[in-house]
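This report concerns only the one structure given below.
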Amino acid sequence: TQAPVNVTVTGAAGQIGYALLFRIASGQLLGQDVPVKLRLLEIPQAVKAAEGTAMELDDGAFPLLAGIDIFDDPKQAFEGTNIALLVGARPRSKGMERGDLLEANGGIFKPQGEAINAGAASDIKVLVVGNPANTNALIAQSHAPDVPADRFTAMTRLDHNRALAQLSKKLGVSVTEIKKLAIWGNHSATQYPSVQHAEVAGQSVDVDQAWLESDFIPTVAKRGAAIIEARGLSSAASAASAAIDHVYTWVNGTADGDWTSAAVVSDGSYGVPEGIISSFPVTAAGGEYKIVQGLEIDEFSRARIDASVAELVEERDTVQKLGLI
Ligand code: NDP
């Protein structure tokens with residue numbers, strides 16, 4: 001039998017953590033034959049709550065769960081870790097400026113990047129969920145110079161899944177029949193969910209532009225707010241589910257003839273400045289995400305991608321000025 005894979009989850013006592021940890025323990029992150037050891041990181045005030053979640057995980061008697069350790073020190077939490085899910089982040093509070101938000105998150109993601117650099121396993125894969133996810137991932141990545149940059153990713157899989165769900169309803173087909181949707185840019189309101197290359201049964205998708213602009217794109221981009229409005233709480237379970245999907249695909253690969261979406265370090269593809277962490281259509285094979293190359297980008301898509309990427313460049317410039325990268 002295989003040795004357990006070490007999985008570190010930050011913000012383990014939070015809402016997303018509560019949904020995520022049980023999915024990991026049940027074997028859905030890596031596969032049904034892979035044992036996992038959980039390493040939970042929390043801020044000191046939340047360690048007790050994380051201990052409570054760990055008690056419940058014990059009580060799940062999960063056959064694949066080989067152990068749980070809880071830390072308030074990133075150095076220890078990332079020691080020997082193979083997969084890091086960075087969920088804990090500083091939420092935006094009322095009246096907070098974007099710069100303040102980025103600065104507060106710099107205080108979280110810089111030491112985590114350093115700890116990953118110092119102690120993580122050589123096959124480390126990092127997924128940032130905590131917002132602003134793309135730029136938090138950039139901060140962590142820039143403090144881990146010894147780790148290949150492509151091991152740092154941010155989550156746009158929830159946006160991808162939301163787009164799949166909306167399009168499947170519109171077309172009256174199952175989500176499994178839709179291929180080649182893509183989320184481009186930032187995980188924010190400027191993101192661009194693109195159906196330009198989408199296919200059902202090998203045929204391009206025929207939807208009118210008015211529906212795309214006034215319904216599909218805003219519904220996907222504002223889905224989080226709509227869920228808070230309806231549920232009174234944020235979309236924690238679907239976020240956890242997308243985090244599972246992101247890592248599962250990264251490790252196990254995408255299907256032939258399809259791709260998914262993830263925010264990865266740009267290599268300059270599609271005019272996205274090198275080094276920023278932007279969402280692209282990506283394939284996965286052999287444990288690596290790769291940006292899909294050679295797509296033609298129509299004029300409408302070009303403008304939307306450029307707008308979202310401009311926001312990412314602005315965020316990068318802000319954290320650069322603050323000395324966070
Ligand atoms: P959640 O678990 O609900 O959310 C955590 C982060 O995920 C937030 O930044 C949130 O962004 C982001 N997120 C991304 N996608 C989604 C989505 N679709 N729906 C909801 N959130 C999304 O937050 P909680 O406040 O319940 O828990 C956070 C935990 O993190 C706390 O227990 C806190 O103590 C901990 N924490 C740990 C740190 C550490 O380990 N060093 C550092 C900071 C916090 P958004 O803010 O935009 O909602």
Side-chain angles (χ1 to χ4, degrees), residues 7-23 38-54 69-78 81 84-94 96 98 100-116 126-137 139-140 143 153-163 165 183 186-189 191 220-246 261-263 279 315:
V7 179
T8 299
V9 178
T10 76
Q15 294 303 312
I16 295 176
Y18 195 67
L20 180 61
L21 291 167
F22 292 84
R23 301 278 305 270
L38 282 170
R39 302 176 74 79
L40 312 184
L41 178 65
E42 260 298 352
I43 54 176
Q45 312 82 284
V47 161
K48 183 144 190 259
E51 285 167 359
T53 305
D69 289 297
I70 303 174
F71 305 95
D72 62 8
D73 169 14
K75 283 250 151 17
Q76 292 171 6
F78 292 109
T81 207
L85 302 171
L86 310 189
V87 178
R90 172 68 196 267
R92 188 189 303 254
S93 43
K94 251 206 176 111
M96 200 176 196
R98 202 167 180 83
D100 298 336
L101 180 74
L102 289 167
E103 189 155 30
N105 279 298
I108 296 166
F109 288 88
K110 177 173 183 268
Q112 292 186 359
E114 290 167 348
I116 287 167
V126 182
L127 168 62
V128 177
V129 174
N131 282 317
N134 301 55
T135 298
N136 287 342
I139 294 169
H143 293 281
T153 62
M155 188 167 88
T156 51
R157 185 63 172 266
L158 179 56
D159 308 302
H160 183 95
N161 288 347
R162 286 167 170 168
I183 306 294
N186 200 0
H187 170 67
S188 76
Q191 67 174 266
V220 172
K222 295 180 192 159
R223 188 71 165 174
I227 288 167
I228 291 176
E229 172 70 24
R231 214 172 82 87
L233 291 166
S234 69
S235 48
S238 50
S241 193
I244 295 278
D245 290 347
H246 177 111
S261 302
S279 189
E315 290 182 17

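Whatever order the structure lists ligands and atoms in, that order sets their numbers, starting from 1. Just the heavy atoms: all of them, side chains too, but no hydrogens, waters or symmetry mates, feed the values below.
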If you scan protein heavy atoms around atom 41 (N) of ligand 1, the nearest is Q112 NE2, 3.3 Å
Quick note on ligand 1: atoms under 4.0 Å from a heavy atom of A46 include exactly 34 (O)
For R90 and L101, the nearest pair of non-hydrogen atoms, with its separation, is O-CD1, 3.3 Å
Any donor and acceptor pair, going by atom type alone, linking the side chain of R39 with main-chain N or O of A77 inside 3.5 Å?
yes
- Query: Is the closest heavy-atom distance from Q45 to ligand 1 below 4.0 Å?
  - Reply: no
The atoms of ligand 1 lying under 4.0 Å from a heavy atom of P91, numbered in the order shown, are 46 (O)
Minimal heavy-atom distance between G14 and E42, with the atoms involved, is N-OE2, 3.9 Å
All heavy atoms of A243 vs all of V129, minimum pair found to be CB-CG2, 4.2 Å
Taking only non-hydrogen atoms of L158 and a 4.0 Å limit, the atoms of ligand 1 in range are 18 (N)
Residue, atom and distance of the protein heavy atom nearest atom 30 (O) of ligand 1 read G11 CA, 3.1 Å
Atom 16 (C) of ligand 1 has as its nearest protein heavy atom A239 CB, 3.9 Å
Geometric N/O contact G88 with ligand 1, under 3.5 angstrom
no
Minimal heavy-atom distance between G130 and A89, with the atoms involved, is CA-CB, 3.6 Å
Across all chains, not counting sequence neighbours, the ring-ring contact (aromatic ring centres under 6.0 Å, His included) partners of H246 are W250, Y289
Looking only at protein heavy atoms, what sits closest to atom 6 (C) of ligand 1 is V87 O, 3.1 Å
Residue, atom and distance of the protein heavy atom nearest atom 28 (C) of ligand 1 read G14 CA, 4.0 Å
Heavy atoms of P132 and L102 approach each other most closely as CG-CD2, 3.6 Å
Please check this pair: side chain of T8 against backbone of L38, looking for a donor-acceptor N/O pair closer than 3.5 Å.
no
Ligand 1 contact by R223, heavy-atom criterion under 4.0 angstrom = no
For I139 and G106, the nearest pair of non-hydrogen atoms, with its separation, is CD1-CA, 4.0 Å
Among non-hydrogen protein atoms, atom 20 (C) of ligand 1 lies closest to S234 OG, 3.5 Å
* Do any nitrogen or oxygen atoms of N131 come within less than 3.5 Å of a nitrogen or oxygen of ligand 1? -> yes
### Side-chain donor/acceptor of S279 to backbone N/O of I183, under 3.5 Å
yes
Of all protein heavy atoms, the one nearest atom 26 (O) of ligand 1 is Q15 N, 2.8 Å
So for E42 against ligand 1, with non-hydrogen atoms under 4.0 Å, the contacting part is both
Ligand 1 atoms nearer than 4.0 angstrom to some heavy atom of R162 are 18 (N)
Margin query: Any protein heavy-atom neighbour for atom 48 (O) of ligand 1 (distance below 4.0 angstrom)?
Written below: no
Atom 21 (N) of ligand 1 has as its nearest protein heavy atom I16 CD1, 3.4 Å
Per-atom filter on ligand 1: closer than 4.0 angstrom to a heavy atom of T10 are 40 (O)
By salt bridge (Lys or Arg N to Asp or Glu O under 4.0 Å), R98 pairs with (sequence neighbours left out) E315
If you compare D73, I108, T8 by their heavy atoms, the one closest to atom 42 (C) of ligand 1 turns out to be I108
Here the atoms of ligand 1 under 4.0 Å from any heavy atom belonging to G130 are 6 (C), 7 (O), 9 (O), 12 (C)
Query raised in the report: Do the side chain of T10 and the main chain of V87 share a donor and acceptor less than 3.5 angstrom apart?
Result: yes
Checking heavy atoms under 4.0 Å, the part of A89 that sits near ligand 1 is both
Rounded to the nearest 0.5 Å, the CD1 atom of I244 sits from the CZ atom of F22 at a distance of 12.0 Å
Any heavy atom of S235 under 4.0 Å from ligand 1? The part involved is both
